[in-house]
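The structure under discussion appears below in the form of structure tokens.
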2 protein chains.
Amino acid sequence: MINQNIKIAVDAIVFGYEKNVLYVLAVQQKYGVFKDRWVLPGGFIKDDESLIDAVKRELQEEAGVGVNYLEQLSTFGDDVNRDSRGRIISVAYFALVNPQNFILKADTDAKDARWFPVNQLPVLGYDHNEMVKLAHARLKAKLTYQPIGFDLLDDEFLFSDLENLYCSILERDIDRRNFRKKILSFHILKETDKLVKTSSSGRPGKLFKFDKAKYDQLLEEDFQFEIKFA
Amino acid sequence: MINQNIKIAVDAIVFGYEKNVLYVLAVQQKYGVFKDRWVLPGGFIKDDESLIDAVKRELQEEAGVGVNYLEQLSTFGDDVNRDSRGRIISVAYFALVNPQNFILKADTDAKDARWFPVNQLPVLGYDHNEMVKLAHARLKAKLTYQPIGFDLLDDEFLFSDLENLYCSILERDIDRRNFRKKILSFHILKETDKLVKTSSSGRPGKLFKFDKAKYDQLLEEDFQFEIKFA
DNA sequence: GCAAAAGTGTTACTAGTACACCCATGG
DNA sequence: CCATGGGTGTACTAGTAACACTTTTGC
């Protein structure tokens, strides 16, 4: 069989959201040319490991993170010199997590792991800023045609949390009444009877849950989640 | 650096369209375990070659095809045994061509090259049927939100050609009047003053051209190509 | 009683849908 | 004059957009 001197790696763009800010996970390299440089979590694939398992393993090893949503984004291999160590092709994955579900801890290869606000990201190693840019665009687009915002929130959330998430990620104002009407019209939320208040003043709000089972069922009947904005 | 025993390849799902039928390009293998088996055109990447160049080279070598539209589809590497020769990860590309622009000719590695109607595809080698399925879904989806139908047609075409293309690929009826109104409202077509008739009877129709420059310009002004159907 | 956040309904407008007849050509 | 395919307009419907006041709570 052909002889090839190319290595293959995976990298993950992991988004987290908290209090109106969208974060990206980065790790600080322990070794190599980019020692101390911030990069996306990732690494080489093992010979007998699926791509997706490789991503999950790296996230676990480098930052102690388990994801809510994970999908393949794109494969970076057009720039032959994207990695100075040699020809390396990387399959980038797009992930969503709730940062409150775990505590970041740098582990195997990483010296440190941190959340950076997506708008204040340092210069990362390799072509990782480009990957983040692409993933960010994907997130914005997907938010409007797939119910993935819930993967960034707690299991139970206030309507205003969801609304603020859309506002801050899409960077635009949204009419609260129209937004609520639209989302409720899908019937993919379960209303709990719990009332909570976040800040010290103001009327408490009802908690909602995303009804995944209902959503999956609706998908069978060509239901299309879609939100447009004024 | 890590030792890895994984090879990387590219494969292409090339769609062509002619007279209400959507075709996929396949080549017949000359050598190997799958000798004589139909598979998608593709092959190993060279060490100093970008992914996209590898695809273009393989298409040229195996079938003599130059594409109108080419984009990365997905990378297949979750099934560790997808290729019996060893661990091979494949980056699949999605391509559109106008079959009239060239003559198929099997060349380097391929014994033969042929168009198969997408609905009468034989069992292909590897996981290639799965790739076609994914690409087909992508084509259907993209047709409604990107002006890629033109890449399957001649440079100049009748409105009815475009309409039939949408009908046959999306497998549904379309109201001619509404379709024409919608497409024309985008102002991305140039009307030529040529009149032609395809069949021997009936009124001749006007030829149109896709105005790519105009479309690119509109994109700058957040124009969104989008067609919905009744 | 005031500040803060939650909850709610109506009207105007725009875009989508449904639908049928006339026109130009060749035979 | 008939068969075939090209070209066109209007009325109805549904979904989106714009918009402001009332309720509950803590202080």
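Residue numbers start from 1 in every chain, and the chains themselves are labelled A, B, ... in the order their sequence lines are given, proteins ahead of strands.
With no hydrogens or angles considered, a side-chain donor-acceptor pair links Asp154(A) and Asn98(A) at under 3.5 Å. For the 3.5 Å distance criterion, the side chains of Tyr126(A) and Asn129(A) fail to qualify, holding no donor opposite an acceptor.
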Would you give a per-nucleotide map of nucleotides 22-27 of chain D, 5' to 3', where B means the base has a protein non-hydrogen atom under 4.0 Å away, S means only the sugar-phosphate does, and - means neither? -BBBS-
Once base and sugar-phosphate atoms are separated, protein heavy atoms under 4.0 Å mark nucleotides 8-13 of chain C, 5' to 3', with B, S and - as BBB---
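The residues Lys140(A) and Glu171(A) are annotated as salt-bridged, a charged nitrogen and a carboxylate oxygen being separated by less than 4.0 angstrom. One finds no salt bridge joining Glu62(B) and Arg57(B) here, because no Lys/Arg side-chain nitrogen approaches an Asp/Glu carboxylate oxygen to under 4.0 Å.
Counting to the nearest Å, the C1' atom of dA18(D) and the CD1 atom of Ile174(A) are 15 Å from each other. Rounded to an integer number of Å, the gap from Lys182(B) NZ to dT8(D) P is 19 Å. Separating the CZ atom of Phe179(A) from the P atom of dT16(D) is a distance of 14 Å, rounded to the nearest angstrom. Going from atom NZ of Lys194(A) over to atom C1' of dA6(C) covers 19 Å, rounded to whole Å. Rounded to whole Å, atom P of dG15(D) lies 16 Å from atom CD1 of Ile183(A). Residue Asp173(B) contributes atom CG, which lies 14 Å from atom C1' of dA18(C) at whole-angstrom precision. With rounding to whole Å, Ile227(A) atom CD1 is found 16 Å from dG15(D) atom P.
For Phe208(B) and Phe159(B), the ring centers are positioned less than 6.0 Å apart. Side-chain rings of Tyr215(A) and Phe186(A) stay apart, their centers remaining 6.0 Å or farther from each other.
Relative to the ring axis of Phe179(A), Arg177(A) does not place its NZ or CZ within 45° and under 6.0 Å from the centre.
Shown for residues 145-164 of chain B: residues whose heavy atoms fall under 4.0 angstrom of DNA chain D, namely Ser160(B).
When heavy atoms are screened at a 4.0 angstrom cut-off, Phe229(A) is found touching the sugar-phosphate backbone but no base atom.
Side-chain contact between Asp112(A) and Trp38(A) is present, with heavy atoms from C-beta onward closer than 4.5 Å.
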Take Lys214(A) and Lys190(A) through the test side chain to side chain contact (heavy atoms under 4.5 Å, CB included) and record every step on the way to the result. CA-CA 9 Å; Lys214(A) 185 70 181 297; Lys190(A) 274 188 293 225; over 6 Å; no
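Residue Lys206(A) places its NZ atom among 12 or fewer non-hydrogen atoms of other residues, nucleotides or ligands, all under 6.0 Å distant.
Judged purely by atom type and a 3.5 angstrom limit, Asp216(A) has no side-chain atom pairing as donor or acceptor with the backbone of Ala213(A).
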